[in-house]
Amino acid sequence: MGFFERYLTVWVGLCILVGTGLGHLFPAAFVRLGGMEVARVNLPVAVLIWLMIIPMLLKVDFGAMKEVGRHWRGIGVTLFINWAVKPFSMALLGWFFLRHVFADLLPADQIDSYMAGLILLAAAPCTAMVFVWSNLCRGDANFTLSQVALNDAIMVVAFAPLVALLLGLSAITVPWDTLLISVGLYIIVPVAIAVVMRRWLMRRAGEQGLEKVLHRLGPYSLAALLLTLVLLFGFQGRQIIEQPMVIAILAVPILIQVYFNSGLAYLLNRRLGVAHSVAGPSALIGASNFFELAVATAVSLFGVHSGAALATVVGVLIEVPVMLSVVAIVNRTQGWYCVGVQRAIGAR
C-alpha cells in the first residue's frame, strides 16, 4: 500500500476540514458549482468520479471469470453476502438506528436521505481497494480477480433494481430515469471504457505496460477522490457545523455492517472448508463498498447538498481504518481458521 493509500483516512479528514471551511468562506462559489447540472447529474462531480473509477476498473480482467469454478465455495459465500445479506442488513440497521435509536438527534427532513445514502453504499460491492486488502492478507490473487470481475458484471444489471427495491421498502421514492442514468454513467460506460482501454494496452504493451499506466494514473484517481470530498463537504459544510453528531451517528450502522458481514463470510468459509487464502479476501470483499459509485449515485439521485451524499462520504471516511482492522483479524486468526477447516473436511 502506497503512502497516500496508507494514510487515506488522514487525507479524507483534511478534505472534510478544507471543504467545510471553503464552503463557509465562499458559499456563492459552491452554489454555482452545485447548480452545474444536466439531467440532475452534477457535471464537476461526474468528471471527478470518472477520473476515480476508470483507473480502478482498468485493474479488472473480466476474462478471469473463467476461474470461478475453481473457487465456487468461496465465490458462492461472497456473492451471498454481497447481494443477499449486506444491502438488506444495512437497510435494517439504518431503520433501527436512524429512525428509532438516534431519530431525535437527526434533522427529521433528512432521515430519508441518510437512509438512501446508507443503502447506496451497501448495494455496491467494492472493486479497487479489494486488491489492496487481498494482498495484505496473502489472499489468492486468482480468486480475488475472478470475484471482482463477477461482482462488476452482476452490478451492471443488479444495482439499479436492488437500490430501487430497498429504497421502496424504506418508503423513499426514487425516479427510475435518474437511477438508470446513474447506472449508465457510473457503471456501464466506465466499465466499457476500461475494458477497451485494457485490451488496447495489453495488445500494445503487455502486462508490464498496463502496470506502468496504472501506476501513473493512481495519483490522479486519488486526487479526484479527495477533490470530490472537498466539493461534497463544501456543499454540506453548514449542516456539518450545525449538526456535528450526524457523522458519528451515520458511522454506527456502517461500522456494525462491516464487522457483521466480514465475520459472517469468514465463518461460512470456515464451515465449508475453504482455504484461508480464499476466505480472507472473501470476507473483505463481502464487507467493503464501492464508495465511488455510491457517492456518484447519491449526488445524481438526491443532489450534492443531500444527506444521502453525506452518508456515502462518511463511508469513505471510516472504510480504510475499519478494513485494516478486519485484515489484522483475518491474519491473526489463521491458525484457528485452519484447524476449523481440517475438522470440516474430516467431517465430510
Side-chain angles (χ1 to χ4, degrees), residues 16 23 30-31 34-35 37 39-42 45 49 85-124 158-183 186 228-229 231-258 289-318:
I16 291 174
F30 281 91
V31 169
E37 295 183 347
R40 295 191 65 181
V41 174
N42 183 267
V45 173
I49 293 294
V85 177
K86 185 168 68 172
F88 297 94
S89 64
M90 180 65 95
L92 179 61
L93 289 168
W95 170 82
F96 178 69
F97 285 108
L98 302 190
R99 297 196 188 280
H100 296 280
V101 177
F102 299 123
D104 293 338
L105 301 176
L106 295 170
D109 61 337
Q110 287 291 327
I111 290 178
D112 282 352
S113 190
Y114 295 143
M115 280 288 300
L118 293 179
I119 288 170
L120 288 169
L121 194 64
F159 180 76
L162 181 60
V163 167
L165 170 65
L166 290 174
L167 293 182
L169 292 176
S170 301
I172 301 170
T173 302
V174 179
W176 263 99
D177 56 344
T178 306
L179 180 57
L180 293 176
I181 288 173
S182 298
V183 171
Y186 303 122
T228 301
L229 297 181
L231 284 178
L232 291 175
F233 278 93
F235 298 140
Q236 298 277 352
R238 183 168 299 175
Q239 291 187 35
I240 294 168
I241 289 179
E242 293 175 354
Q243 307 254 335
M245 287 295 295
V246 169
I247 290 177
I249 290 172
L250 291 173
V252 172
I254 297 173
L255 283 169
I256 293 174
Q257 74 97 19
V258 168
N289 306 301
F290 193 176
F291 52 74
E292 299 88 352
L293 171 62
V295 168
T297 307
V299 169
S300 297
L301 289 177
F302 302 100
V304 293
H305 303 285
S306 66
L310 179 61
T312 56
V313 171
V314 173
V316 184
L317 176 63
I318 68 174

Problem set entry | Candidate pair L98 and L250, rule side-chain contact (heavy atoms from CB on, under 4.5 Å), full reasoning | CA-CA 8 Å; L98 302 190; L250 291 173; 4.2 Å; yes
For this session: May I ask you to decide if A308's main-chain N or O and S113's side chain share a donor-acceptor pair within less than 3.5 Å?
Result: yes
For this session: Heavy atoms only: give me the nearest M115-W95 pair and the separation to one decimal.
Result: SD-N, 3.4 Å
Exercise. Got a sec, which residues hit side chain to side chain contact (heavy atoms under 4.5 Å, CB included) with A124, two or more places apart in sequence or on another chain?
Worked result: M155, F159, F290, L293
Exercise. For residues 97-120, which residue pairs qualify under salt bridge (Lys or Arg N to Asp or Glu O under 4.0 Å), counting only residues two or more places apart or in two chains?
Worked result: R99-D112
For this session: Applying side-chain contact (heavy atoms from CB on, under 4.5 Å) between F302 and each of T297, L310, L120, report the one that passes.
Result: L120
Exercise. Would a distance-only check, ignoring hydrogens and angles, find a side-chain to backbone donor-acceptor pair under 3.5 Å from Q110 to G307?
Worked result: yes
Seminar exercise, completed: Closest heavy-atom pair, A311 versus G117, reported as atoms and distance to 0.1 Å, is CB-CA, 3.9 Å
Seminar exercise, completed: On a heavy-atom basis, the closest approach of N289 and A122 is OD1-CA, 3.8 Å
Seminar exercise, completed: Applying ring pair (Phe, Tyr, Trp, His ring centres under 6.0 Å) to F88 and not counting sequence neighbours gives none
Exercise. Which atoms form the tightest heavy-atom contact between M90 and L118, and what is the distance?
Worked result: CG-O, 3.3 Å
Problem set entry | I249 side, atom CD1; L106 side, atom CG - distance, nearest 0.5 Å | 4.5 Å
Exercise. Do you know the tightest heavy-atom contact between I111 and A103?
Worked result: CD1-O, 4.2 Å
Problem set entry | Distance (rounded to the nearest 0.5 Å) between I254 CD1 and L93 CG | 10.5 Å
Exercise. Which distance, rounded to the nearest 0.5 Å, do you find between the CG of L92 and the CG of L166?
Worked result: 11.0 Å
For this session: For residues L105 and F102, determine if any side-chain heavy atom of one lies less than 4.5 Å from a side-chain heavy atom of the other.
Result: yes
Exercise. Which heavy-atom pair separates Y114 from P107 by the least distance, and what is that distance?
Worked result: OH-CG, 3.7 Å
